[in-house]
Amino acid sequence: MRWTKSLIPTMKETPADAEIPSHQLMLRAGLIHQLMAGAYTYLPLGWRSIQKAANIIREEMDRADAVEMLMPALQPIDLFDRTGRNEDFGSVLIRLEVARGDRKVQMALGPTHEEVITDLMARHINSYRQLPITLYQIQTKFRNEERPRFGVLRTSEFLMKDAYSFASTLEQLDESYQAMYDAYCRIFKRCGLPYIPVEAESGPIGGDASHEFMIPAENGEDQIVYCESSGYAANLERAETGRKQPDLSAAENPQELREIDTPKVGTISEVCTLLKCQPEQMIKTLIYLADEKPVAVLLRGDHEANEGKIRRALNVESLEMADEATIEKVTGAKIGFAGPVGIGCPIIADHDVPAIKDAITGANKTDTHYTGVNIARDYQLTETFDLRNAVQGDPCPKSGEPMNLVHGIEVGHVFKLGTKYSDALGADFLNEHEKRESIIMGCYGIGVNRIVAGLAETSHDENGLIWPISIAPFEVILIPLKTNDEELMQVANKVYAELQDQGVDVLMDDRKARPGFKFKDADLIGIPYRIVIGGKGLQEGIAEVKGRTDDQPEKIPLDDVVAHVCNLVQKAKDELNG
RNA sequence: CGGGAUGUGGCGCAGCCUGGUAGCGCGCUUGACUGGGGGUCAAGAGGUCGCAGGUUCAAUUCCUGUCAUCCCGACCA
């Protein structure tokens, strides 16, 4: 491609609306243009990178025996009603009402395609002999984001690769899942992305049924917990801690239990301000309804409840925060004054609670707190549980070493679905014993534009983007310094044509501009290799070749420059693929 | 949806408090000089000051409403 024939609107200044590096750089490098909040045009350079990512995904999906197809973005709302997701999605689902003669047809823009593909399989799969099978597509998805942000990382319209596996047995599901998991690892490696597969909250199947693929990045929206020594990694909702049950006997030399007036002071931070204490000294008491029955959950004041863990510890189906009336009934006080001492419902506590000596907590009496609250004397526990989100430094459940807490960008998700959708939509098959069974499903997503945005976010320097060869919009940028020098342009055109013949993606900056200007732009858009043909070099019979992150260019005889650069490109590719 | 901020040429901003002529830098056009890390000089083009209403002789400026965008939070199969 010649620069003058393309649309590459680079910018020297950073648009005021862009906050994080990937957004700023993608705008400045002319990759994207914002149409409205959460909707971006991919300009020629940006689209080339997206296509490169998509092709890598395609190759690896095909290698894993998944089969590509394309489903409509327009979907009948009826399908979502049948799986209950019309309600579940809420405002995220973009609904349309379309006139068809005198009727109104209700439809939605597909946020994902479980319904569509399960319906398809319900009509075409009859026998276990047709299973297993994995199908995929690369297609635009629509999800109304209440708050789009971070440029292209969180938009209402985005490109996604979604794959769905269909199995007759759990063993088949496991095989398909593993094949997708392995394919994902290869995909992200080939894209040059640092990634961490983390355990994620699993659905109906339980166990090891869901992994998210995360790019570690400061601006990531997700939090992941990982242990370097054991390799354990999980998202915050899922992460276990290796904490043990502490001593539940009485503390030595406890303070006496005292009641204190705390009028209208109900939150942890308000109490801390009033009593000049730290949240770590407080016992947070949350009243939940577990299978409709009230239960008090005790946490240290600075910790966050993890409802998944609480549900599992209580072994209940449903768990929700109790309503005001229930809280008042159980505690005998208004909201904000609950505590374990003399509360009118069962209590369950996190491992860290008994260790709080002389704790401060609600007194189950409006406008009143207790100080000097201690285990055994003032409240009793027979065991404790892991009920909270992990925090930096918690021991790893595998190694016991302290774990790290980092932010990440979710680029992929693999998930064992089970039979939720096949049950709802009647996707079943006849097994070898002529018994009807529901197809067992898995689903596997990759955010294609998050691959590109994730790279922009994590791979750049003060001069601009730094693409890995596999995702770079062009592999090589060729810069003739004097576009009005006919002899020089002839040589440049020859190199350009030869590189193209060799299958190298080359961008020739044929603009009439000063050298410095072109160098700055070349660095900004981050093309991995740069060839410069200048007047002096031409007289010496050499071109200059420089890697994006090299300090100095290398002088290469003009006759060898094509072979030399082809070699560099191939080596860079081999490194990512190997 | 709660809280905060901002809308002035393609981009970045000033002007507004204290009403009266719309300004700067970058970019763009033309020419000359230049020519290896975002050049210099000269001459130009480009604006319903987000939109609507109100106050006023007069509104970019004051008032009301509205829309949009961004940030923090809630939400995110």
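Residue numbers start from 1 in every chain, and the chains themselves are labelled A, B, ... in the order their sequence lines are given, proteins ahead of strands.
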(message) Under 3.5 Å, is there any donor-acceptor pair linking the side chain of A:Arg147 to the base of B:A74?
(response) no

(message) Between the base of B:G27 and the side chain of A:Glu13, is there a donor and acceptor pair under 3.5 angstrom?
(response) no

(request) Please tell me if the side chains of A:Tyr288 and A:Val316 come closer than 4.5 Å, counting only heavy atoms from C-beta onward. (result) no

In whole Å, measure the gap between the [atom1] atoms of [N] and [M] for me.
N     : M     : atom1 : value
B:U60 : B:U55 : P     : 16 Å
B:G12 : B:C70 : C1'   : 16 Å
B:A42 : B:C13 : C1'   : 26 Å
B:G23 : B:G15 : P     : 16 Å
B:G37 : B:U29 : C1'   : 26 Å
B:U6  : B:G50 : C1'   : 11 Å
B:A14 : B:A5  : P     : 16 Å
B:U69 : B:U8  : C1'   : 15 Å

(message) Check this for me: does any side-chain nitrogen of one of A:Glu114 and A:Arg85 sit under 4.0 Å from a carboxylate oxygen of the other?
(response) yes

(request) State whether A:Asp461 and A:Arg548 are salt-bridged, where the test is any N-O pair (Lys NZ or Arg NE/NH1/NH2 against Asp/Glu carboxylate O) under 4.0 Å. (result) yes

Tell me the interatomic distance from [X], atom [atom1], to [N], atom [atom2], rounded to whole angstroms.
X        : N     : atom1 : atom2 : result
A:Gln24  : B:C11 : CD    : C1'   : 14 Å
A:Phe80  : B:A77 : CZ    : C1'   : 10 Å
A:Glu146 : B:C70 : CD    : C1'   : 17 Å
A:Arg143 : B:C75 : CZ    : P     : 17 Å
A:Asp162 : B:A77 : CG    : P     : 16 Å
A:Glu19  : B:A5  : CD    : P     : 16 Å
A:His33  : B:G10 : NE2   : P     : 11 Å
A:Asn144 : B:A77 : CG    : P     : 14 Å

Using a 4.0 Å heavy-atom cut-off across all strands, classify [X] as base, sugar-phosphate, or nothing.
X        : answer
A:Asp88  : nothing
A:Phe150 : sugar-phosphate
A:Gln34  : sugar-phosphate
A:Ser91  : nothing

(request) Would you check if the distance from the ring center of A:Tyr181 to the ring center of A:Phe213 is below 6.0 Å? (result) yes

(request) Please confirm whether A:His23 and A:Tyr40 have ring centers closer than 6.0 angstrom. (result) yes

Tell me the closest heavy-atom pair linking [X] and [Y], and the distance in Å.
X        : Y        : answer
A:Ala492 : A:Leu478 : O-CD2, 3.5 Å
A:Ala64  : A:Ala179 : CB-O, 4.3 Å
A:Gly110 : A:Gln75  : CA-NE2, 3.2 Å
A:Ser422 : A:Ile439 : OG-O, 2.5 Å

(message) What does the B/S/- profile of nucleotides 32-42 of chain B look like, 5' to 3', with a 4.0 Å heavy-atom cutoff to protein?
(response) --BBBBBB---

(request) Once you apply the 3.5 Å cut-off to both distances, tell me the Watson-Crick or G-U wobble partner of B:C41, or none. (result) B:G31

(message) Need the pair for B:G2. Rule: Watson-Crick or G-U wobble, both distances under 3.5 Å, any strand; none if unpaired.
(response) B:C72

(message) Please compare A:Thr112 and A:Met36 by the position of their nearest nucleotide in RNA chain B and report the one closer to 5'.
(response) A:Met36

